[in-house]
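Report on the following structure.
Read the numbers this way: they start at 1 and go in the same order the structure lists the ligands and their atoms.
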Amino acid sequence: MPELPEVETMVRGLRPAMIGSTIQKIELLDHFMIHGQTPEQISQALTNQSVLAIHRRGKWVLFEMQNGPVLVIEPRMTGGFWLINPDRPDQARLIFHTTTAPCKIWFCDTRRLGRIRLYDDLSQAQRSISMSQAEDALAITCMALAERLKKTSRTIKPVLMDQKVVSGIGNIYADEILFASRIHPEQVASSLKATEIRRIHAQIRPILERAIEAEGTSFDAGYRTVLGLEGGFLAINAMYGHGGEPCPACQTPIVKKQIRGLANRPTHYCPKCQTLPRSRNRNQS
Ligand SMILES: [Zn+2]
């Protein structure tokens, strides 16, 4: 958390407030989160720069300046942006001061797991991100996904959450995608048939787009939109947060459990709609 839909919601909220605006000052309040440069170097590179574009790649936000430099912020577990005074201003890690309203944009991060980094230009930033991130989940082809699934004997859910396989999917949306594809989360990835992989691939985009429309998922005090609102996806989703409730397709109670490779994060699935082909799994693992 946040995953692709939450970061996309942040980016869509930031764009009208920041694009075309000039950064008068940038306050870097937590040097621990800055990687690769000193706060002075970042401040010098961005002061008086106009914001040309704000991009998203997987779960990363890229602020591209008119004259080239790109500031990359990865919110990771608990990071988020605020266009209004944040609920917890003591957790502000970076503040942009800009020439147009709202004039102050905050980046807050409770657990300080996020990362801040500066690049010379967009292609350098993209190259660097590509070293740890596969294609964005909204852009990946079925062929690229199939190639990677074929090569691993891990189970499908942690593989879908592996950012080197596909970038942007985390615990919540992996459960939704696998339910919609009728694939058991513990099925070995390399045992999936081509038709099953096509089913998974076909569900990724529509599920993420529905979640973006709902402005993401807020299941605790963590994620909020840039205006401090909760995301609405938990009101319309099928699996995450619905353990023990009837499956929307067959009424069988939804199972919530820990699966191997995903410590401390619950997995939700329907034991009737998502069955495990045991012989196929045994042969492959
Ligand atoms: Zn079911």
Side-chain angles (χ1 to χ4, degrees), residues 1-6 8 137-138 140 142 145-146 148-150 152-162 165-166 168-220 222-223 230-285:
M1 252 336 252
E3 305 181 30
L4 185 153
E6 290 76 37
E8 179 65 24
L138 291 178
I140 194 167
C142 189
L145 182 66
R148 285 168 211 151
L149 298 190
K150 254 189 277 172
T152 177
S153 58
R154 289 183 293 155
T155 57
I156 182 63
K157 183 176 174 191
V159 172
L160 275 186
M161 292 168 61
D162 180 343
V165 171
V166 52
I169 299 171
N171 196 47
I172 294 174
Y173 300 104
D175 280 354
E176 299 303 315
I177 291 162
L178 290 172
F179 170 67
S181 322
R182 302 298 190 258
I183 301 291
H184 193 288
E186 290 178 289
Q187 185 162 346
V188 170
S190 57
S191 76
L192 288 162
K193 295 174 181 166
T195 53
E196 292 170 327
I197 295 173
R198 276 202 294 277
R199 274 203 327 257
I200 293 172
H201 180 262
Q203 292 298 338
I204 292 175
R205 177 179 270 275
I207 285 174
L208 296 179
E209 283 179 345
R210 274 185 78 208
I212 293 166
E213 252 175 68
E215 302 202 298
T217 303
S218 300
F219 61 91
D220 60 12
Y223 161 74
E230 291 189 5
F233 190 66
L234 274 194
I236 55 170
N237 79 327
M239 287 287 126
Y240 191 89
H242 297 289
E245 295 173 22
C247 161
C250 74
Q251 313 305 312
T252 304
I254 292 167
V255 171
K256 174 185 175 184
K257 71 169 202 179
Q258 306 278 347
I259 67 167
R260 230 173 76 186
L262 288 175
N264 305 323
R265 279 173 291 184
T267 287
H268 303 75
Y269 66 94
C270 171
K272 194 170 170 197
C273 294
Q274 295 163 270
T275 54
L276 200 54
R278 295 203 174 274
S279 58
R280 251 201 286 159
N281 238 36
R282 198 166 48 237
N283 291 342
Q284 297 288 329
S285 54

May I have all residue pairs that pass ring-ring contact (aromatic ring centres under 6.0 Å, His included) and include part of residues 174-216, sequence neighbours excluded? His184-Tyr269
Strictly by salt bridge (Lys or Arg N to Asp or Glu O under 4.0 Å), give each pair with a member in residues 203-212 just once, sequence neighbours left out. Arg205-Glu209
Polar contact flag, side-chain donor to acceptor under 3.5 angstrom, Tyr223-Glu215: no
Only protein N/O/S atoms count here: give how many lie under 2.8 Å from the Zn ion (ligand 1). 4
Just jot down the side-chain contact (heavy atoms from CB on, under 4.5 Å) partners of Ala214, sequence neighbours excluded, or say none. Phe233, Ile236
Within the distance-only criterion (no hydrogens, no angle test), does the side chain of Ser190 pair as donor or acceptor with the backbone N or O of Thr152 below 3.5 angstrom? yes
Using a distance-only test with no angle check, is there a side-chain donor-acceptor pair under 3.5 angstrom linking Lys157 and Thr267? yes
